[in-house]
Amino acid sequence: MKHWLMKSEPDSYSIEDLERDGRTAWTGVRNYQARNLMRDEMSVGDPVLFYHSSSNPPGVVGVARVASEPYGDATALDPRSDYYDEKATEQEPRWYLVDVEFVERFPRTVPLAELKDTEGLEEMVVTQRSRLSVQPVRPEEFEIVRRLGRS
DNA sequence: GCCAACGTTGGC
DNA sequence: GCCAACGTTGGC
C-alpha cells in the first residue's frame with residue numbers, strides 16, 4: 001500500500017466538501033507526473049493526506065482514501081469544461097483520475113510551516129517546494145502528519 | 001500582487 | 001533533441 005498527498009484549493013474543493021459528498025472524482029489534474037502517479041501507482045485503499053493549497057495557512061487538513069481504479073478524466077472531453085483538452089478522446093483519454101473518499105477531518109490544520117519545522121519531514125515532497133499536486137508520501141511521514149493533525 | 005520554481009511548447 | 005519563451009502554481 002502506498003501513501004499520498006493530494007492538493008486542492010479549498011475555494012474549488014475543500015475537505016468539508018469531501019466530507020459532505022463522501023466521495024469525489026479527482027478531476028482536472030493536467031500535469032503528467034501527477035497523472036502518471038494516479039494512473040500507474042495508485043491502488044484502491046491507499047491513504048491520502050488532503051492538503052489545502054492557496055489558503056491561509058496552507059496545510060494538511062485531513063485524510064482521504066483512494067476509492068477507485070484509475071479511469072479517463074471525462075472533463076477533458078467536455079468543451080465547456082475548464083479542463084477541456086482537445087487532444088483527449090474516448091479511446092485515448094490522455095488524462096486519468098481516481099475517485100477519492102472521505103476518511104477524517106483533522107481537528108486542526110497542520111500548516112506547511114509546521115511540516116517544514118517537524119523532525120522527520122525534512123525530505124517530504126511538499127516541504128521541498130514541489131508544485132506537484134499529487135505526491136508520494138512515505139509511510140513514516142504519513143504517520144507523523146496524522147499524529148500532528150489529531151493533536 | 002509578486003515572483004521563484006518549474007513544467008510545457010515550439011522553433012530550429 | 002536543445003533550449004528560449006512562455007504559462008502556471010502556489011507560498012508569501
Given atom [atom1] of [X] and atom [atom2] of [N], what is their separation to the nearest angstrom?
| X | N | atom1 | atom2 | answer |
| --- | --- | --- | --- | --- |
| A:Tyr51 | C:dG11 | OH | C1' | 8 Å |
| A:Leu112 | B:dA5 | CG | P | 15 Å |
| A:Met6 | C:dG10 | CE | P | 13 Å |
| A:Glu9 | C:dG10 | CD | P | 7 Å |
| A:Tyr83 | C:dT8 | OH | P | 13 Å |
| A:Asn31 | B:dA5 | CG | C1' | 13 Å |
| A:Gln128 | B:dA5 | CD | P | 13 Å |
| A:Arg131 | B:dA4 | CZ | P | 14 Å |

- Message: For the residue pair A:Arg35 and A:Tyr96, would you count it as a cation-pi contact if the rule is NZ or CZ under 6.0 angstrom from the ring centre and within 45 degrees of the ring axis?
- Response: no

- Do A:Tyr51 and A:Pro58 have side-chain heavy atoms sitting under 4.5 Å apart?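 Side-chain contact under 4.5 Å: yes.
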
- Examine B:dC6: is either OP1 or OP2 under 4.0 Å from a nitrogen or oxygen in the side chain of A:Tyr32? Give yes or no. no

- Message: Please confirm whether the shortest side-chain N or O distance from A:Lys7 to OP1 or OP2 of C:dT8 is below 4.0 Å.
- Response: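 So the side chain of A:Lys7 is outside the cut-off, no N or O lying under 4.0 Å from OP1 or OP2 of C:dT8.
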
- Query: In this structure, are over 12 heavy atoms from other groups packed under 6.0 Å from A:Gln33 atom CD?
  - Reply: no

- Query: Any Lys/Arg nitrogen of A:Arg94 or A:Asp85 sitting under 4.0 Å from an Asp/Glu carboxylate oxygen of the other?
  - Reply: yes

- Message: Given C:dG10, C:dG11, B:dG7, identify the nucleotide with an atom nearest to the side chain of A:Ser133.
- Response: C:dG10

